[in-house]
Amino acid sequence: MRRVLITGANRGIGLELVKQFLESDAYVLAGCRDPRMAHDLHTLEYSHPNLKLLRMDVSDENSIDTAKKQAQGFVDGIDLLFNNAGVNFGEENITNLITEEMIYCLQVNAIGPILVAKHFLELLKKGSKPIIINISSDAGSISNIQEFRGYSYSGSKAALNMYTRALAFDESTDGIIVIALHPGWVSTDMGGSSAPLTPPESAAGILNVVNRLTPAEHGKFLTIDGSVHPW
(Lines give C-alpha, C1' and ligand atoms only; values in the text may rest on other atoms or scores of the structure.)
Protein backbone atom coordinates (compact mmCIF):
# COMPACT_ATOMS: atom_id res chain seq x y z
CA MET A 1 0.00 0.00 0.00
CA ARG A 2 1.45 3.35 -1.08
CA ARG A 3 1.81 5.93 1.68
CA VAL A 4 1.27 9.42 0.29
CA LEU A 5 1.60 12.89 1.81
CA ILE A 6 -0.10 15.77 -0.02
CA THR A 7 0.13 19.38 1.14
CA GLY A 8 -2.57 21.88 0.21
CA ALA A 9 -4.95 18.93 0.06
CA ASN A 10 -8.19 20.72 0.88
CA ARG A 11 -8.99 22.04 -2.60
CA GLY A 12 -8.08 22.08 -6.28
CA ILE A 13 -5.38 19.74 -7.53
CA GLY A 14 -4.49 18.64 -4.01
CA LEU A 15 -8.02 17.50 -3.22
CA GLU A 16 -8.27 15.67 -6.52
CA LEU A 17 -4.97 13.90 -5.86
CA VAL A 18 -6.39 12.76 -2.52
CA LYS A 19 -9.48 11.35 -4.25
CA GLN A 20 -7.55 9.52 -6.97
CA PHE A 21 -5.05 8.01 -4.55
CA LEU A 22 -7.87 6.82 -2.30
CA GLU A 23 -9.43 5.14 -5.32
CA SER A 24 -6.18 3.21 -5.76
CA ASP A 25 -6.28 2.11 -2.09
CA ALA A 26 -3.32 4.25 -1.03
CA TYR A 27 -2.86 5.48 2.53
CA VAL A 28 -3.16 9.27 2.30
CA LEU A 29 -1.96 11.95 4.69
CA ALA A 30 -3.73 15.15 3.69
CA GLY A 31 -2.07 18.32 4.91
CA CYS A 32 -4.04 21.54 5.12
CA ARG A 33 -3.75 24.78 7.04
CA ASP A 34 -7.07 24.44 8.89
CA PRO A 35 -8.60 20.94 8.88
CA ARG A 36 -11.73 22.29 10.59
CA MET A 37 -12.62 24.10 7.36
CA ALA A 38 -11.66 21.23 5.04
CA HIS A 39 -15.24 20.03 4.57
CA ASP A 40 -14.57 17.95 1.44
CA LEU A 41 -11.74 16.11 3.18
CA HIS A 42 -13.93 15.37 6.18
CA THR A 43 -16.61 13.96 3.87
CA LEU A 44 -14.00 11.65 2.34
CA GLU A 45 -12.67 10.74 5.77
CA TYR A 46 -16.00 9.24 6.82
CA SER A 47 -15.83 6.58 4.10
CA HIS A 48 -12.06 6.13 3.81
CA PRO A 49 -10.20 4.92 6.91
CA ASN A 50 -6.97 5.24 4.91
CA LEU A 51 -7.29 9.05 4.92
CA LYS A 52 -5.76 11.05 7.77
CA LEU A 53 -5.83 14.84 8.02
CA LEU A 54 -2.79 16.78 9.18
CA ARG A 55 -2.86 20.40 10.31
CA MET A 56 0.03 21.92 8.37
CA ASP A 57 0.79 25.54 7.53
CA VAL A 58 3.78 25.31 5.18
CA SER A 59 4.71 28.93 5.94
CA ASP A 60 5.33 27.95 9.59
CA GLU A 61 8.20 25.54 10.30
CA ASN A 62 6.84 24.71 13.76
CA SER A 63 3.55 23.69 12.14
CA ILE A 64 5.42 21.46 9.67
CA ASP A 65 7.34 19.78 12.49
CA THR A 66 4.14 19.22 14.49
CA ALA A 67 2.52 17.65 11.40
CA LYS A 68 5.55 15.36 11.03
CA LYS A 69 5.14 14.15 14.59
CA GLN A 70 1.44 13.56 13.97
CA ALA A 71 2.24 11.63 10.79
CA GLN A 72 4.64 9.37 12.69
CA GLY A 73 1.63 8.18 14.66
CA PHE A 74 0.00 6.96 11.44
CA VAL A 75 2.84 5.63 9.25
CA ASP A 76 6.42 4.41 9.61
CA GLY A 77 7.41 5.61 6.15
CA ILE A 78 6.28 7.80 3.23
CA ASP A 79 6.60 6.72 -0.39
CA LEU A 80 5.34 9.86 -2.15
CA LEU A 81 5.47 13.50 -1.04
CA PHE A 82 3.51 16.02 -3.09
CA ASN A 83 4.47 19.60 -2.22
CA ASN A 84 1.30 21.06 -3.67
CA ALA A 85 0.35 23.92 -1.30
CA GLY A 86 0.60 27.28 -3.00
CA VAL A 87 -0.60 30.87 -3.01
CA ASN A 88 -1.06 33.54 -5.68
CA PHE A 89 -2.17 37.07 -4.90
CA GLY A 90 -3.28 37.74 -8.46
CA GLU A 91 -2.77 40.80 -10.62
CA GLU A 92 0.28 42.90 -9.79
CA ASN A 93 2.78 45.20 -11.45
CA ILE A 94 5.69 47.32 -10.34
CA THR A 95 3.35 50.07 -9.10
CA ASN A 96 1.30 48.00 -6.65
CA LEU A 97 3.77 45.48 -5.18
CA ILE A 98 3.35 44.74 -1.48
CA THR A 99 6.49 43.56 0.28
CA GLU A 100 4.68 41.34 2.77
CA GLU A 101 2.76 39.55 0.00
CA MET A 102 5.94 38.93 -2.00
CA ILE A 103 7.69 37.45 1.03
CA TYR A 104 4.70 35.31 1.97
CA CYS A 105 4.41 33.98 -1.59
CA LEU A 106 8.08 32.98 -1.52
CA GLN A 107 7.65 31.39 1.90
CA VAL A 108 4.67 29.25 0.87
CA ASN A 109 5.59 28.39 -2.72
CA ALA A 110 9.35 27.89 -2.49
CA ILE A 111 10.70 27.73 1.04
CA GLY A 112 7.76 25.74 2.43
CA PRO A 113 8.27 22.70 0.17
CA ILE A 114 11.93 22.45 1.13
CA LEU A 115 11.09 22.67 4.83
CA VAL A 116 8.46 19.94 4.38
CA ALA A 117 11.11 17.78 2.73
CA LYS A 118 13.50 18.57 5.60
CA HIS A 119 11.11 17.54 8.36
CA PHE A 120 9.70 14.49 6.57
CA LEU A 121 13.09 13.29 5.31
CA GLU A 122 13.35 10.54 7.93
CA LEU A 123 9.96 9.12 6.94
CA LEU A 124 10.84 9.38 3.25
CA LYS A 125 14.09 7.51 3.83
CA LYS A 126 12.00 4.68 5.28
CA GLY A 127 9.66 4.65 2.28
CA SER A 128 9.60 2.30 -0.68
CA LYS A 129 11.32 3.92 -3.69
CA PRO A 130 10.50 7.38 -2.27
CA ILE A 131 9.71 10.33 -4.51
CA ILE A 132 9.35 14.06 -3.85
CA ILE A 133 7.16 15.93 -6.34
CA ASN A 134 7.26 19.72 -6.12
CA ILE A 135 4.25 21.12 -7.94
CA SER A 136 5.66 24.04 -9.90
CA SER A 137 4.34 26.08 -12.83
CA ASP A 138 5.37 27.19 -16.30
CA ALA A 139 5.24 30.67 -14.76
CA GLY A 140 8.49 29.72 -13.04
CA SER A 141 10.24 28.88 -16.32
CA ILE A 142 12.68 31.76 -16.85
CA SER A 143 13.64 30.73 -20.38
CA ASN A 144 10.00 30.33 -21.43
CA ILE A 145 8.63 33.67 -20.25
CA GLN A 146 7.97 35.96 -23.23
CA GLU A 147 5.49 38.35 -21.61
CA PHE A 148 4.90 40.00 -18.26
CA ARG A 149 3.46 37.52 -15.75
CA GLY A 150 3.92 39.36 -12.49
CA TYR A 151 6.58 39.10 -9.82
CA SER A 152 5.55 37.23 -6.68
CA TYR A 153 4.08 34.00 -8.06
CA SER A 154 6.41 33.55 -11.03
CA GLY A 155 9.44 34.50 -8.94
CA SER A 156 8.51 32.06 -6.20
CA LYS A 157 8.02 29.21 -8.68
CA ALA A 158 11.37 29.98 -10.31
CA ALA A 159 12.89 29.78 -6.82
CA LEU A 160 11.09 26.46 -6.24
CA ASN A 161 12.61 25.11 -9.45
CA MET A 162 16.10 26.06 -8.26
CA TYR A 163 15.42 24.59 -4.82
CA THR A 164 14.21 21.40 -6.49
CA ARG A 165 17.50 21.07 -8.36
CA ALA A 166 19.39 21.70 -5.14
CA LEU A 167 17.30 19.14 -3.28
CA ALA A 168 17.89 16.59 -6.01
CA PHE A 169 21.68 16.91 -5.69
CA ASP A 170 21.84 17.25 -1.91
CA GLU A 171 23.66 14.19 -0.56
CA SER A 172 21.13 14.06 2.28
CA THR A 173 18.41 13.02 -0.19
CA ASP A 174 20.35 10.15 -1.78
CA GLY A 175 17.94 7.37 -2.69
CA ILE A 176 14.98 9.75 -3.19
CA ILE A 177 13.83 10.80 -6.68
CA VAL A 178 13.12 14.54 -6.73
CA ILE A 179 11.31 16.38 -9.54
CA ALA A 180 9.48 19.60 -10.26
CA LEU A 181 6.20 19.13 -12.12
CA HIS A 182 4.08 21.59 -14.09
CA PRO A 183 0.44 20.46 -13.62
CA GLY A 184 -0.87 22.41 -16.60
CA TRP A 185 -3.20 25.39 -16.54
CA VAL A 186 -5.99 24.12 -14.31
CA SER A 187 -9.44 25.54 -13.58
CA THR A 188 -9.03 26.02 -9.83
CA ASP A 189 -9.50 29.04 -7.58
CA MET A 190 -5.91 29.95 -8.46
CA GLY A 191 -5.98 29.04 -12.14
CA GLY A 192 -9.33 30.64 -12.94
CA SER A 193 -12.33 29.50 -14.94
CA SER A 194 -10.68 30.02 -18.34
CA ALA A 195 -8.13 27.27 -17.77
CA PRO A 196 -8.44 24.34 -20.22
CA LEU A 197 -7.77 21.53 -17.71
CA THR A 198 -10.02 20.32 -14.90
CA PRO A 199 -8.51 19.21 -11.57
CA PRO A 200 -9.35 15.53 -12.31
CA GLU A 201 -7.55 15.75 -15.67
CA SER A 202 -4.49 17.39 -14.14
CA ALA A 203 -4.34 14.96 -11.22
CA ALA A 204 -4.65 11.98 -13.58
CA GLY A 205 -1.75 13.33 -15.64
CA ILE A 206 0.33 13.84 -12.50
CA LEU A 207 -0.31 10.27 -11.40
CA ASN A 208 0.63 8.94 -14.84
CA VAL A 209 3.96 10.75 -14.65
CA VAL A 210 4.66 9.57 -11.10
CA ASN A 211 3.73 5.97 -11.86
CA ARG A 212 6.18 5.88 -14.78
CA LEU A 213 8.96 7.84 -13.09
CA THR A 214 12.47 6.40 -13.19
CA PRO A 215 15.80 7.59 -11.75
CA ALA A 216 16.55 9.03 -15.21
CA GLU A 217 14.06 11.85 -14.49
CA HIS A 218 15.69 12.73 -11.17
CA GLY A 219 16.21 16.48 -10.83
CA LYS A 220 14.14 17.37 -13.90
CA PHE A 221 11.22 19.73 -14.52
CA LEU A 222 8.43 17.71 -16.16
CA THR A 223 4.96 18.32 -17.58
CA ILE A 224 1.94 16.07 -17.11
CA ASP A 225 2.59 14.35 -20.44
CA GLY A 226 6.01 13.31 -19.13
CA SER A 227 8.05 15.65 -21.33
CA VAL A 228 10.84 17.88 -20.00
CA HIS A 229 9.85 21.51 -19.41
CA PRO A 230 12.40 24.29 -20.02
CA TRP A 231 13.87 25.83 -16.89
Side-chain angles (χ1 to χ4, degrees), residues 1-59 63-64 66-88 108-109 112-113 116-117 119-120 123-124 127-137 160 177 179-191 195 197-213 222 224:
M1 179 183 293
R2 265 180 161 176
R3 297 155 297 179
V4 184
L5 169 60
I6 303 167
T7 69
N10 57 305
R11 62 179 182 172
I13 297 170
L15 179 61
E16 190 57 40
L17 285 170
V18 170
K19 292 177 180 177
Q20 294 193 23
F21 272 112
L22 289 174
E23 289 173 1
S24 68
D25 293 325
Y27 193 101
V28 181
L29 301 172
C32 53
R33 191 167 52 183
D34 187 355
R36 295 172 302 176
M37 303 302 294
H39 304 301
D40 290 329
L41 286 177
H42 282 299
T43 299
L44 289 170
E45 190 179 28
Y46 292 137
S47 55
H48 292 87
N50 288 349
L51 173 62
K52 303 298 180 185
L53 275 59
L54 303 179
R55 180 186 299 278
M56 189 193 307
D57 181 348
V58 300
S59 71
S63 174
I64 296 169
T66 298
K68 183 274 302 279
K69 292 172 182 173
Q70 185 182 359
Q72 287 174 322
F74 297 131
V75 295
D76 58 7
I78 290 174
D79 308 314
L80 298 174
L81 164 58
F82 288 88
N83 278 310
N84 168 74
V87 63
N88 185 358
V108 172
N109 294 350
V116 172
H119 285 275
F120 283 86
L123 284 170
L124 283 160
S128 175
K129 299 178 180 178
I131 301 171
I132 297 173
I133 305 97
N134 291 333
I135 301 298
S136 186
S137 169
L160 175 62
I177 295 177
I179 64 165
L181 183 59
H182 170 44
W185 183 15
V186 187
S187 56
T188 61
D189 291 343
M190 190 180 297
L197 287 175
T198 65
E201 290 169 337
S202 175
I206 291 170
L207 264 63
N208 283 336
V209 171
V210 171
N211 289 336
R212 297 174 182 173
L213 206 60
L222 303 178
I224 56 172

dist His42:NE2 -> Met37:CE (nearest 0.5 Å) comes out at 9.5 Å
Leu15 CG to Asp40 CG distance, which is reported to the nearest 0.5 Å: 5.0 Å
Going by an N to O cut-off under 4.0 Å, is there a salt bridge joining Arg3 and Asp79? yes
Minimum-distance pair of heavy atoms, taken over all atoms of Gly86 and Asn109: CA-OD1, 3.1 Å
Ile6 vs Leu80, side chain to side chain contact (heavy atoms under 4.5 Å, CB included): CA-CA, chis, key distance, verdict: CA-CA 8 Å; Ile6 303 167; Leu80 298 174; over 6 Å; no
Just wondering, more than 12 heavy atoms not from Arg33 lying within 6.0 Å of its CZ? no
When rounded to the nearest 0.5 angstrom, what distance separates SG in Cys32 from CZ in Arg55? 8.0 Å
Could you state the interatomic distance from CG (Leu41) to CZ (Arg36), rounded to the nearest 0.5 Å? 14.5 Å
Rounded to the nearest 0.5 Å, what separation is found between the OH atom of Tyr27 and the CD1 atom of Ile78? 10.5 Å
Can you name the one residue among Ile133, Val209, Asn84, Ile206 that meets side-chain contact (heavy atoms from CB on, under 4.5 Å) with Pro183? Ile206
Provide the closest heavy-atom pair for Phe120 versus Ile64 in the form atom of the first, atom of the second, distance. CE1-O, 4.0 Å
Closest approach of Val108 to Ser59 (non-hydrogen atoms, all atoms of both residues): CG2-CB, 3.9 Å
Point-to-point distance, once rounded to the nearest 0.5 Å, from CD of Gln72 to NZ of Lys69: 8.5 Å
Residues at least two apart in sequence or cross-chain that pass side-chain hydrogen bond (donor to acceptor under 3.5 Å, both in side chains) with Asn134, listed by chain then number, are Asn83, Thr164
What's the shortest heavy-atom distance between Pro130 and Gly127, and which atoms? CD-O, 3.8 Å
Determine whether a donor-acceptor pair (N or O, by modelled atom type, separation under 3.5 Å) exists between the side chain of Ser202 and the backbone of Pro199. no
Stepwise side chain to side chain contact (heavy atoms under 4.5 Å, CB included) test for Leu5 and Leu54: CA-CA 9 Å; Leu5 169 60; Leu54 303 179; 3.9 Å; yes
Is it true that a side-chain atom of Gln70 and a backbone atom of Leu53 form a donor plus acceptor pair closer than 3.5 Å? yes
Where the side chain of Asn10 meets the backbone of Pro35, is there a donor-acceptor pair that is under 3.5 Å apart? no
Would you indicate whether the side-chain heavy atoms of Leu81 and Leu123 approach each other to under 4.5 Å? no
May I have the step-by-step check of side chain to side chain contact (heavy atoms under 4.5 Å, CB included) for Val116 and Ile132, ending in yes or no? CA-CA 10 Å; Val116 172; Ile132 297 173; over 6 Å; no
Trace of the side chain to side chain contact (heavy atoms under 4.5 Å, CB included) decision for Arg2 with Val210: CA-CA 12 Å; Arg2 265 180 161 176; Val210 171; 4.3 Å; yes
When every non-hydrogen atom of Ala26 is compared with those of Asn50, the smallest separation belongs to O-CB, 3.5 Å
